[in-house]
Student: 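I'd like to ask you about the structure that follows.
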Amino acid sequence: MTRELRVFSTIAVQSALEELAPRFEVANGIRLEVTWNTAPVLVKRLQGGETADVLILNRAGIDTMTREGRVLARSEVTLASSATAIAIKAGAARPDISTPEALKRALLAARAISYTDPAAGGASGIYFAKLLERLGIAEAVNAKTRFPPPAGLSGDFLLTGEADLAVQQIPELLQVPGIEIVGPLPGELHMVTVFVAGIEAQTPQRGAAAALIDFLRTDTARDVFRAKGLDP
């Protein structure tokens with residue numbers, strides 16, 4: 001009988017894990033049941049009583065779960081990191097975002113933009129909302145912002161013409177065919193999120209959970225992470 005391993009994973013690594021999961025399942029005879037969402041939403045679900053065998057969250061999420069005794073001691077492993085970037089529809093004019101001032105001008109000039117709703121808890125959305133305040137353009141930009149649904153992709157609005165610029169982490173932008181990444185946030189505005197895997201402290205499947213995490217650290221897995229815009 002095929003065993004089942006429950007995984008709570010941030011959407012930032014979804015494209016990589018979806019490619020890697022079938023390989024792990026075939027090699028180990030274990031089916032992965034993955035729940036996707038932003039790390040803060042997954043943390044709230046865990047705090048509300050839900051359980052998983054493996055957690056793949058951002059560093060802040062894993063740290064929260066560790067403090068609450070939900071992560072098995074010494075099971076934490078850094079898998080990869082990702083930068084937040086700006087994207088456009090393929091073939092559109094590429095704005096200058098080479099400096100903070102250039103980025104500010106590009107955001108003000110755009111007809112509409114999309115970024116992750118900070119209320120949904122995504123790292124890029126929270127950071128970008130604070131960045132708009134820092135640049136002094138929050139009111140102007142948010143008045144023309146389209147937020148994707150929870151666990152959604154901001155790049156989708158580029159394809160429909162509802163936004164000229166999309167802001168999200170590189171792996172999430174790469175999930176949308178037909179768009180192009182202009183580049184990461186410039187200079188001192190650059191923002192990188194680190195993603196960490198850990199074993200749930202109370203899981204009865206520690207061996208299988210450890211096998212998955214070990215697999216996600218193999219050269220094969222690292223190659224997939226890189227191809228999906230993550231830096232292992």
Side-chain angles (χ1 to χ4, degrees), residues 10-19 36-39 58 80-195 224-232:
T10 173
I11 58 172
V13 302
Q14 182 171 354
S15 58
L17 190 54
E18 283 182 335
E19 181 169 327
W36 307 103
N37 216 308
T38 63
N58 59 22
S81 62
S82 171
T84 295
I86 306 284
I88 56 173
K89 186 176 181 179
R94 297 175 71 87
D96 179 9
I97 61 166
S98 59
T99 66
E101 277 302 313
L103 173 63
K104 181 177 178 178
R105 289 193 296 270
L107 292 171
L108 290 172
R111 177 180 50 85
I113 75 162
S114 178
Y115 70 95
T116 304
D117 188 348
S124 66
I126 293 171
Y127 177 79
F128 193 70
K130 293 178 180 177
L131 176 58
L132 293 176
E133 295 283 356
R134 175 179 166 187
L135 294 175
I137 58 173
E139 184 175 356
V141 172
N142 285 329
K144 56 182 181 180
T145 291
R146 291 296 306 273
F147 293 127
L153 301 172
S154 63
D156 288 338
F157 289 114
L158 299 176
L159 301 179
T160 62
E162 295 173 87
D164 299 330
L165 302 178
V167 184
Q168 210 161 24
Q169 294 186 58
I170 289 175
E172 293 161 322
L173 294 172
L174 288 176
Q175 289 184 52
V176 184
I179 73 174
E180 298 175 358
I181 294 176
V182 179
L185 299 177
E188 71 269 19
L189 306 184
H190 188 59
M191 185 265 198
V192 172
T193 304
V194 176
F195 303 105
V224 172
F225 281 131
R226 289 189 188 95
K228 300 298 183 180
L230 290 144
D231 185 16

Student: Residues two or more places apart in sequence or in another chain: which of them pass side-chain hydrogen bond (donor to acceptor under 3.5 Å, both in side chains) with Ser98?
Tutor: Asp96
Student: To the nearest 0.5 Å, tell me how far Asn142 CG sits from Leu132 CG.
Tutor: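 It comes to 5.5 Å.
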Student: How long is the straight-line distance from CG of Leu135 back to NZ of Lys130, given to the nearest 0.5 Å?
Tutor: 14.5 Å
Student: Pair up each side-chain donor or acceptor in residues 161-170 with any protein partner under 3.5 Å, not counting sequence neighbours, and list the distances.
Tutor:
from, atom 1, to, atom 2, distance (Å)
Glu162, OE1, Arg146, NH1, 2.3
Glu162, OE1, Arg146, NH2, 3.3
Glu162, OE2, Thr160, OG1, 2.7
Asp164, OD1, Arg111, NH2, 3.0
Asp164, OD2, Arg111, N, 2.7
Gln168, OE1, Ser154, N, 3.0
Gln168, OE1, Ser154, OG, 3.2
Gln168, NE2, Thr116, OG1, 3.0
Gln168, NE2, Gly152, O, 3.2

Student: Could you measure the distance from the CG atom of Leu230 to the OG atom of Ser15? Nearest 0.5 Å is fine.
Tutor: 6.5 Å
Student: So which heavy atom on Trp36 is nearest to which on Glu18, and how close?
Tutor: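 Scanning both residues, the minimum pair turns out to be CZ2-CG, 3.8 Å.
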Student: Show the nearest heavy-atom pair for residues Ala85 and Leu173, with the distance to one decimal.
Tutor: O-CD1, 3.7 Å
Student: Under the 3.5 angstrom rule, does the side chain of Lys144 hit a backbone N or O of Ala110 as a donor-acceptor pair?
Tutor: yes
Student: Should Leu153 and Pro148 count as side-chain neighbours, where that means a heavy-atom distance under 4.5 Å?
Tutor: no
Student: So, for Pro118 and Ala129, which heavy atoms are closest and what is the spacing to 0.1 Å?
Tutor: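 Looking at all heavy atoms of both residues, the shortest contact is CG-CB, 3.9 Å.
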Student: Could you state the interatomic distance from CD (Glu133) to CD (Glu139), rounded to the nearest 0.5 Å?
Tutor: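 Here the interatomic distance stands at 9.5 Å.
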Student: Quick one: list whatever passes salt bridge (Lys or Arg N to Asp or Glu O under 4.0 Å) with Arg134, sequence neighbours left out.
Tutor: none
Student: Is Ile88 close to Pro95 at the side-chain level, that is, under 4.5 Å between some pair of heavy atoms?
Tutor: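 Yes - at least one pair of side-chain heavy atoms lies under 4.5 Å apart.
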Student: What's the separation between atom OG in Ser124 and atom CG in Leu131, rounded to the nearest 0.5 Å?
Tutor: 11.5 Å
Student: Considering only distance and modelled atom types, tabulate donor-acceptor pairs under 3.5 Å from the side chains of residues 174-190, sequence neighbours left out.
Tutor:
from, atom 1, to, atom 2, distance (Å)
Glu180, OE1, Arg94, NH1, 3.3
Glu180, OE2, Gly91, N, 3.3

Student: Tell me, which pairs form a ring pair (Phe, Tyr, Trp, His ring centres under 6.0 Å) where one or both residues lie in residues 112-156, sequence neighbours left out?
Tutor: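 The answer is Tyr115-Phe128, Tyr115-Phe147.
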Student: Roughly how far, to the nearest 0.5 Å, is CZ of Phe157 from NZ of Lys89?
Tutor: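 Reported to 0.5 Å precision, the distance equals 14.5 Å.
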Student: Are Val192 and Asp231 side-chain neighbours, meaning at least one heavy-atom pair lies under 4.5 Å?
Tutor: no
Student: Once side chain to side chain contact (heavy atoms under 4.5 Å, CB included) is applied, do any residues pair with Ala39, and if so which ones, sequence neighbours excluded?
Tutor: Leu57, Asn58
Student: Considering all heavy atoms of both residues, which atom of Thr38 and which atom of Ala120 are nearest to each other, and what is their separation?
Tutor: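 What the structure gives for the nearest pair is OG1-O, 2.9 Å.
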